[in-house]
Student: 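Take a look at this one; I'll ask things after.
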2 protein chains.
Amino acid sequence: MTLAYPLDDPRTAAPSQALSDVLDRLGVRMNYAKDGEIYAQEEEVEFLYRVVDGVVRTMRLTCDGRRQVGDFYYAGDLFGLEPGPDHQFSAEALTDCTIQVVRRSAVRALAGDRELDRAVLEATRRELQRVQEHVLLLGRKSAREKVAGFLMSLAQHQSEDSIQLPMGRQDMADYLGLTIETVSRMLTQLQGEEIVEFPELRRFRVTRWEALEDLAA
Amino acid sequence: MTLAYPLDDPRTAAPSQALSDVLDRLGVRMNYAKDGEIYAQEEEVEFLYRVVDGVVRTMRLTCDGRRQVGDFYYAGDLFGLEPGPDHQFSAEALTDCTIQVVRRSAVRALAGDRELDRAVLEATRRELQRVQEHVLLLGRKSAREKVAGFLMSLAQHQSEDSIQLPMGRQDMADYLGLTIETVSRMLTQLQGEEIVEFPELRRFRVTRWEALEDLAA
DNA sequence: CGTGAGATTGAACCCAGTCAAGACTGGTGG
DNA sequence: CCACCAGTCTTGACTGGGTTCAATCTCACG
């Protein structure tokens with residue numbers, strides 16, 4: 001993982017060395033095809049995962065079929081750190097992915113290493129912070145602000161000038177608590193105001209950073 | 001804290017013994033008057049807190065003045081477990097409160113005790129789970145469902161037949177991502193359908209549990 | 001009793017959702 | 001190479017749930 005972005009951002013701070021080592025030593029690399037299921041909702045929590053390459057999405061389905069995307073995970077990010085014995089979320093490969101997987105029990109067995117306990121705690125903390133940001137986004141922002149904020153956060157994680165959108169509109173909508181149509185409209189609107197520019201459907205460029213920052217608030 | 005409610009509920013599971021002990025041994029009891037500030041947003045994270053008596057609310061203010069309530073904490077709950085060096089939320093006494101406070105550095109100093117590390121992790125996990133529930137609530141539920149769900153969760157934490165509402169309508173609204181008027185209307189509506197009953201402004205009784213459960217979904 | 005903050009209610013408005021049609025895109029096979 | 005197709009995205013018209021603004025009510029507390 002590159003460190004092109006600020007370290008205090010919980011999404012991008014590198015996982016601690018100890019945990020990283022355990023994953024390297026004991027972890028198994030797995031490949032998942034686009035849309036492949038990594039784990040299912042309700043499944044027992046058994047493993048710890050790190051994205052090596054590709055993008056992963058976690059999501060939750062309510063009994064009546066509404067979908068809520070938990071988060072998106074990129075190269076270097078840990079995921080699957082869920083409280084409770086069962087997964088509240090499922091995880092799927094948004095793109096073709098390589099994932100490093102380690103059994104939780106293996107981590108626990110090595111936990112004589114206090115560094116490691118600490119590392120898991122640290123990772124859980126980061127996760128908590130991400131989720132708290134998500135609450136603020138969902139609770140008190142307009143559709144316009146939600147979409148702008150989403151684009152901002154994507155942009156902050158890619159140093160290139162032209163930014164890739166690995167997920168479709170439906171995934172954005174389900175992350176932001178909106179419908180696909182509203183997301184689409186807001187994107188068009190932001191383009192109309194020349195704040196962002198979409199040369200391709202899944203790729204954009206920020207043309208007026210200040211305006212985008214103001215919106216994301 | 002009583003254990004009248006199921007243990008797998010992250011809001012109510014008792015904090016682990018080790019952490020509880022540290023709080024008892026090293027913690028200082030503090031009293032806060034209603035609306036007193038326990039810590040401020042942006043303030044450095046220094047302490048760990050446990051509610052002994054009363055109710056605490058955490059909340060966050062955005063630059064343009066919008067308010068988002070993080071959560072409500074009751075007797076026995078730990079709070080102030082925030083990732084990052086600074087508080088993202090502020091905490092205030094919703095009612096007159098007794099809070100047991102311990103320095104984080106004291107906890108850290110004792111952390112040779114692996115039990116303790118584990119306990120902090122466990123508490124952070126529970127917090128994570130609460131926040132994830134909150135995301136689902138905010139992202140994919142109607143006003144009616146939000147209010148019904150809120151009343152449900154309150155009811156589940158009080159064994160009595162008549163349930164106290166320690167917070168005002170504004171706090172409920174800011175927790176649910178609604179306006180005070182909408183909250184009020186939904187309460188009236190639920191009363192009209194004889195699902196709940198409000199003998200007093202801040203006290204209610206559930207008259208049709210099944211209906212409430214269906215709504216909270 | 002009065003008083004005032006907090007809660008309810010009403011009416012008008014508006015943002016986002018819904019439903020439906022059409023456009024674009026990328027992939028496939030002729 | 002291009003025509004076609006299916007999936008995805010965009011656009012439009014309409015609806016409706018929730019907000020806004022304002023007036024009234026309630027009740028806890030002096």
Side-chain angles (χ1 to χ4, degrees), chain A residues 33-35 57 62 64-69 94-96 137-151 164-193 196-204 215 217, chain B residues 33-35 57 64-69 92 94-96 137-151 164-193 196-204 215 217:
Chain A
K34 180 168 152 58
D35 294 322
R57 149 195 84 208
T62 60
D64 58 350
R66 281 175 281 190
R67 220 174 73 124
Q68 175 70 51
V69 168
L94 198 62
T95 64
D96 290 343
L137 183 89
L138 291 172
R140 286 294 177 212
K141 295 202 169 171
S142 67
R144 207 176 138 75
E145 293 169 323
K146 285 177 177 179
V147 172
F150 186 76
L151 294 182
Q164 244 236 300
L165 262 177
M167 68 292 292
R169 304 294 193 257
Q170 188 64 62
D171 283 326
M172 292 174 63
D174 288 337
Y175 177 76
L176 299 172
L178 297 171
T179 60
I180 186 177
E181 293 95 331
T182 302
V183 170
S184 184
R185 273 186 255 273
M186 293 304 125
L187 289 175
T188 318
Q189 192 182 309
L190 292 174
Q191 269 184 97
E193 299 166 31
V196 295
E197 188 183 30
F198 279 77
E200 303 168 48
L201 212 50
R202 297 265 184 119
R203 179 167 290 283
F204 70 99
L215 270 176
Chain B
K34 182 171 151 57
D35 294 323
R57 153 194 81 210
D64 58 350
R66 280 175 283 190
R67 219 174 74 123
Q68 175 69 52
V69 168
E92 284 127 47
L94 199 62
T95 63
D96 291 343
L137 183 91
L138 291 172
R140 287 295 177 212
K141 296 203 170 172
S142 68
R144 204 175 141 75
E145 293 170 324
K146 284 176 178 179
V147 172
F150 187 75
L151 294 183
Q164 243 234 303
L165 261 177
M167 69 291 293
R169 302 294 191 255
Q170 187 65 62
D171 283 326
M172 292 175 63
D174 288 338
Y175 177 77
L176 299 172
L178 297 171
T179 59
I180 187 176
E181 292 95 332
T182 302
V183 170
S184 184
R185 274 186 254 272
M186 293 303 124
L187 289 175
T188 317
Q189 192 181 309
L190 292 174
Q191 269 185 97
E193 298 167 31
V196 294
E197 187 184 31
F198 279 77
E200 303 170 46
L201 212 49
R202 297 264 185 120
R203 180 168 290 281
F204 70 99
L215 271 175

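Below, chains carry the letters A, B, ... as their sequence lines are ordered, and counting in each starts from 1.
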Student: Which atom pairs link the protein and nucleotides 18-24 of chain D when you take only N or O atoms and keep those under 3.5 Å?
Tutor:
residue : atom : partner : partner atom : Å
D/dG18  : OP1  : B/A143  : N            : 2.8
D/dT19  : OP2  : B/T179  : N            : 3.4
D/dT19  : OP2  : B/T179  : OG1          : 3.1
D/dT19  : OP2  : B/T182  : OG1          : 2.3
D/dT20  : O4   : B/R185  : NH2          : 2.7
D/dC21  : N4   : B/E181  : OE2          : 3.2

Student: Can you confirm whether A/R57 sits close enough to A/M167 that some side-chain heavy atom of one is under 4.5 Å from a side-chain heavy atom of the other?
Tutor: no
Student: How bent is the helix from C/dC1-D/dG30 to C/dG30-D/dC1, comparing axes over its five end pairs at each side, to the nearest 10°?
Tutor: 30°
Student: Find out whether A/K146 and A/M186 are in side-chain contact, i.e. whether some heavy atom of one side chain is under 4.5 Å from a heavy atom of the other.
Tutor: no
Student: By side-chain hydrogen bond (donor to acceptor under 3.5 Å, both in side chains), which residues pair with B/S184, not counting sequence neighbours?
Tutor: none
Student: Of the non-hydrogen atoms in A/D174 and A/Q68, which two are nearest, and what is the gap between them?
Tutor: O-NE2, 3.0 Å
Student: When the distance from CG of A/D174 to P of D/dT8 is rounded to whole Å, what number comes out?
Tutor: 13 Å
Student: Using whole Å, report how far CD1 of B/I180 lies from P of D/dT26.
Tutor: 17 Å
Student: Checking B/D96 side chain against B/K34 main chain: does a donor-acceptor pair fall under 3.5 Å?
Tutor: yes
Student: Is a donor on one side and an acceptor on the other found under 3.5 Å between the side chain of B/R140 and the backbone of A/L178?
Tutor: yes
Student: Tell me which of A/L201 and B/M167 sits closer to the 5' end of DNA chain C, going by the nucleotide each one is nearest to.
Tutor: B/M167
Student: Apply side-chain hydrogen bond (donor to acceptor under 3.5 Å, both in side chains) to A/T188 and list each qualifying residue two or more places apart in sequence or on a separate chain.
Tutor: none
Student: Please identify each residue that fulfils side-chain hydrogen bond (donor to acceptor under 3.5 Å, both in side chains) with B/T95, with sequence neighbours left out.
Tutor: none
Student: Measure CE/A/M172 against C1'/D/dT10 and give the value in whole Å, please.
Tutor: 14 Å
Student: Nearest 0.5 angstrom please: A/Q189 CD to A/E193 CD, how far?
Tutor: 5.0 Å
Student: For the pair made of CG in B/L176 and C1' in D/dG17, what is the distance, rounded to whole Å?
Tutor: 16 Å
Student: Between atom CD in B/E200 and atom C1' in D/dC25, what is the gap in whole Å?
Tutor: 18 Å
Student: Measure CZ/A/R169 against P/D/dG7 and give the value in whole Å, please.
Tutor: 18 Å
Student: Rounded to the nearest 0.5 Å, what's the gap from CG on B/L187 to CZ on B/F150? Could you check?
Tutor: 9.5 Å
Student: With a strict under 4.0 Å distance from non-hydrogen atoms of chain A, what nucleotide opens and what nucleotide closes the contacted stretch of DNA chain C, reading 5' to 3'?
Tutor: C/dA16 to C/dC19
Student: Nearest heavy-atom pair of A/L165 and A/L201: which atoms, and what distance?
Tutor: CD1-O, 4.1 Å
